[in-house]
*Asks:* 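Have a look at the structure that comes next, please.
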Amino acid sequence: MNERERTRPGRWLTLYAIAAYLYIYLPIFFLVLFSFNTSKFSVAMQGLTLRWYGDLFNDKAIWQATTNTLIVAITSTIFSTIVGTAAAIGLHRYNFRGKGFSEATLYIPVIIPEVVMGIALLAFFGQVGLTLGLPTIIIAHIAFSIPFVVLTVRARLQGMDRSVEEAAMDLGANEVVTFWRITLPLIMPGVLSGALLAFTLSLDDYIITLFTAGPGSTTLPLRVFSMLKQAVTPKVNALSSLWILVILVALLLSQRLQPRRG
Amino acid sequence: MLKTVRERPSLQGLVLISPTMFWLIAFLLVPSALIVVISFGARGSYGNVVYTFKLDNYVRLVNAEYGHILWDSTWIALLTTVACILAGYPLAYFIARSHPTRRSLFMFLILVPFWTNFLIRIYAWMIILRGEGVLNAVMTWLGLMNTSLGQWLFSQVQLYTPGAVLVGMVYEFLPFMILPLYTSLEKLDPSLLEAAADLGARPWRAFLRVTLPLSLPGIIAGSILVFIPAMGMFVVPDLMGGAKTVLVGNLIRNQFFTARDWPFGSAASMVLMALTLVVTLIYTRTFGFGEELVP
């Protein structure tokens, strides 16, 4: 037995891994498969059709929900990325009063169950007299996204070599120039993955959105949920399949954009 | 003005963090404090909140009628966590031990479903576990549905049973477990295992004495990341458990939407928070704190 073989996964472990990946992907496979099924209810594939995709494109409520979802996700991502990046730099570089409190507060959204955050915001918006709608959803999404942006950008800052910035300053660049020309490009991968995380969290969120949405501000997850509660048609499969496709393309693109590590 | 900011580094840090802190205090801490206040109040006759200071809501929660909901929720969340450890550990171990060039692909495959919407993941299992779903069709085709054992097995995981809820929860949270597990297993130095083998330890013993203790931070971080959302989950029981499975998350949601008893719902969410914190604390105190909690 050579060194390599001692640490390589054995036969049983490999078999288990294959089974585990099947467990992860078979449900998705069937989900996509049935989106092309001519039969509405049967699990037997009776024929192939694109009818459900057509239905989807003619569904005005879906388009409205998609628009709402994108408005919320884009706005909250831009805001939480800028604010969160600033906070990450502040926490990484400086010492100030209340730093411990700030760090503790940043962990709250990670440890609070989402349903609690949802009802707290619902009660709060009612108390201050804010009408529920897209703005309240955006406020909520920013609140739960910021900590994830801060954590991601901070991880990047911790791995960064400060001497490059010091060199720039020694060569006469002021702080503003140093930030735009040196610091920001260096932490950009962290900022981008923070933004991607915030964007996905926003797209994905059902629970907090449920409590902060009002009439007319239905997002895609809210719409999907009510479709699952009512009569389920292959239209949901078509919608899900398109969603998976979009995420897959986005993930592959982001992998391409990331610089190769190690 | 700009000059004073630049001269005092402590102020600069404060300026950079203040928008974030404003947002989190205004839309997280203050609303949470409001829930604490409301939880001691009472429901008015129109579903409004009457501010009092009574413990009635909390007393009601531990009654026989609602007490079992708290118990069931904790139990299902713990089962989900244990099932995720058992199912996720071998897979994370496999990925960490496979050839370095394949590792990122294997992790990518774990993450793809995780990045798609979680309602879609639930729906995928609804199709499989439905009465006339994929699992039933496959088991019928294999001739298993003619046997009483096959029928019993199917009835345990069929849609709208507690078993289906567990299947859905595990599928939902498995990536949260695999991610930190993989991180801690990948860092593990193979030469430690070689040393154990050279000293005569059989692989199984080397695993128990070397690999497992060193991956403990990953197990703990993963458990926290699974247990907390599992405790408050109401969507999976809603869609996969039918009306039979009511967890504390469902209770809270119902108090805010259908029953319109906000004080009772607030008290329930306070108890949910307390339960989550207590279990997490016991867990971290017993096994040490998970360093890899940071996502």
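Chain letters run A, B, ... following the sequence lines, proteins first, then strands; residues in each count from 1.
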*Asks:* Between A:R97 and chain B, which part of the residue has a heavy atom less than 4.5 Å away: side chain, backbone, both or neither?
*Replies:* backbone
*Asks:* Side chain, backbone, both or neither: which part of B:L239 has an atom under 4.5 Å from a heavy atom of chain A?
*Replies:* side chain
*Asks:* Does any backbone or side-chain atom of B:I122 lie under 4.5 Å from a heavy atom of chain A? Answer side chain, backbone, both or neither.
*Replies:* neither
*Asks:* Hey, which of A:I24, A:D204, A:I247 has the most heavy atom pairs under 4.5 Å with chain B?
*Replies:* A:D204
*Asks:* Could you check whether any side-chain heavy atom of A:F101 comes within less than 4.5 Å of a side-chain heavy atom of B:I25, counting everything from C-beta outward?
*Replies:* yes
*Asks:* Could you check, using the six-membered ring where one of them is a Trp, whether A:Y23 and B:W125 have ring centers closer than 6.0 angstrom?
*Replies:* yes
*Asks:* Using modelled atom types and a 3.5 Å cut-off, is there a donor and acceptor pairing between side-chain atoms of B:W23 and backbone atoms of A:I139?
*Replies:* yes
*Asks:* Less than 4.5 Å to any heavy atom of chain B: does that hold for the side chain of A:L201, its backbone, both, or neither?
*Replies:* neither
*Asks:* I'd like to check A:F125 versus B:P31 (side-chain heavy atoms, cut-off strictly below 4.5 Å). Are they in contact?
*Replies:* no
*Asks:* Given that the side chain runs from C-beta out, which part of B:W115 has a heavy atom under 4.5 Å from chain A: side chain, backbone, both or neither?
*Replies:* both
*Asks:* With rounding to the nearest 0.5 angstrom, report the CG to CG distance, B:L14 to A:N95.
*Replies:* 11.5 Å
*Asks:* Look up atom CG in A:L13 and atom CD1 in B:I95, then write down how far apart they are to the nearest 0.5 Å.
*Replies:* 10.0 Å
*Asks:* B:T20 and A:A87: which non-hydrogen atoms are nearest, and at how many Å?
*Replies:* OG1-CB, 3.3 Å
*Asks:* Does some side-chain heavy atom of B:T276 sit less than 4.5 Å from a side-chain heavy atom of A:V116?
*Replies:* no
*Asks:* By a 4.5 Å heavy-atom criterion (distance strictly below it), what part of B:A87 contacts chain A: side chain, backbone, both, or neither?
*Replies:* both
*Asks:* Please tell me if the side chains of A:V115 and B:V248 come closer than 4.5 Å, counting only heavy atoms from C-beta onward.
*Replies:* no
*Asks:* Heavy-atom distances under 4.5 Å only: say whether B:L28 touches chain A with side chain, backbone, both or neither.
*Replies:* side chain
*Asks:* Based on non-hydrogen pairs under 4.5 Å, which of A:L220, A:I28, A:L122 is most in contact with chain B?
*Replies:* A:L122
*Asks:* Output the option from A:L239, A:V128, A:L91, A:L210 having the highest count of non-hydrogen pairs under 4.5 Å with chain B.
*Replies:* A:L210
*Asks:* Between A:P109, A:G10, A:A20, A:A123, which has the largest tally of heavy atom pairs under 4.5 Å with chain B?
*Replies:* A:A123
*Asks:* Only pairs of heavy atoms separated by less than 4.5 Å count here; which of A:L228, A:T85, A:I146, A:I82 has the most with chain B?
*Replies:* A:L228
*Asks:* For B:V170, which atoms come within 4.5 Å of any heavy atom of chain A: side chain, backbone, both, or neither?
*Replies:* both
*Asks:* Rounded to the nearest 0.5 Å, how far does CD1 of B:I128 lie from CZ of A:F29?
*Replies:* 10.5 Å
*Asks:* Main chain of B:N117, side chain of A:Y206: is a donor-acceptor contact present, judged purely on distance under 3.5 Å?
*Replies:* no
*Asks:* What is the distance from atom CD1 of A:I119 to atom CH2 of B:W262, rounded to the nearest 0.5 Å?
*Replies:* 9.0 Å
*Asks:* Please step through side-chain contact (heavy atoms from CB on, under 4.5 Å) for the pair B:Q12 and A:F96, ending with a clear verdict.
*Replies:* CA-CA 9 Å; B:Q12 235 163 3; A:F96 48 88; over 6 Å; no
*Asks:* Side chain of A:Y21, backbone of B:F106: donor and acceptor closer than 3.5 Å?
*Replies:* yes
*Asks:* Measure A:T14 against the heavy atoms of chain B and call it side chain, backbone, both or neither at under 4.5 Å.
*Replies:* both
*Asks:* Between A:P27, A:S241, A:S240, A:P221, which is the residue that forms a side chain to side chain contact (heavy atoms under 4.5 Å, CB included) with B:I120?
*Replies:* A:S240
*Asks:* Under the side-chain contact (heavy atoms from CB on, under 4.5 Å) rule, what do A:L251 and B:L111 come out as? Steps first, then yes or no, please.
*Replies:* CA-CA 9 Å; A:L251 274 180; B:L111 288 176; 5.5 Å; no
*Asks:* Output the distance between atom CZ (B:F27) and atom NE2 (A:H141), rounded to the nearest 0.5 Å.
*Replies:* 14.0 Å
*Asks:* Please flag which part of B:L109 lies under 4.5 Å from any non-hydrogen atom of chain A: side chain, backbone, both or neither.
*Replies:* both
*Asks:* Could you look at A:F199 and say if it's the side chain, the backbone, both or neither that has a heavy atom under 4.5 Å from chain B?
*Replies:* neither
*Asks:* If I measure from the heavy atoms of chain A, does B:M231 come under 4.5 Å with its side chain, its backbone, both, or neither?
*Replies:* neither
*Asks:* Would you say that B:R253 contacts A:I207 through its side chain, given a criterion of any heavy-atom pair below 4.5 Å between the two side chains?
*Replies:* no
*Asks:* In terms of heavy-atom proximity below 4.5 Å to chain B, should A:F225 be classed as side chain, backbone, both, or neither?
*Replies:* both
*Asks:* I need the residue from A:V236, A:V224, A:V149 with the largest number of non-hydrogen atom pairs under 4.5 Å to chain B.
*Replies:* A:V236
*Asks:* Can you tell me which portion of A:F211 sits under 4.5 Å from chain B's heavy atoms? Options are side chain, backbone, both or neither.
*Replies:* both
*Asks:* Do you know which of B:A124, B:S266, B:G232 has the most heavy-atom pairs under 4.5 Å to chain A?
*Replies:* B:A124
*Asks:* Determine whether B:V134 and A:L26 satisfy the following criterion, side-chain contact (heavy atoms from CB on, under 4.5 Å), listing intermediate values before the conclusion.
*Replies:* CA-CA 10 Å; B:V134 177; A:L26 271 182; over 6 Å; no
*Asks:* At a heavy-atom separation under 4.5 Å, does B:S32 approach chain A through its side chain, its backbone, both, or neither?
*Replies:* both
*Asks:* Looking at chain A, which one of B:G265, B:A230, B:P113, B:S18 has the largest number of heavy-atom pairs inside 4.5 Å, strictly under?
*Replies:* B:P113
*Asks:* Select one option (side chain, backbone, both, neither) describing which atoms of B:P229 are under 4.5 Å from chain A's heavy atoms.
*Replies:* neither
*Asks:* Could you walk me through whether A:Y94 and B:I17 satisfy the side-chain contact (heavy atoms from CB on, under 4.5 Å) test, starting with their C-alpha distance in whole Å, then the side-chain angles of each, then the deciding distance to 0.1 Å, before giving a yes or no?
*Replies:* CA-CA 10 Å; A:Y94 307 101; B:I17 195 151; over 6 Å; no
*Asks:* Give the member of B:I110, B:L277, B:N136, B:V36 that has the highest number of heavy-atom pairs under 4.5 Å with chain A.
*Replies:* B:I110
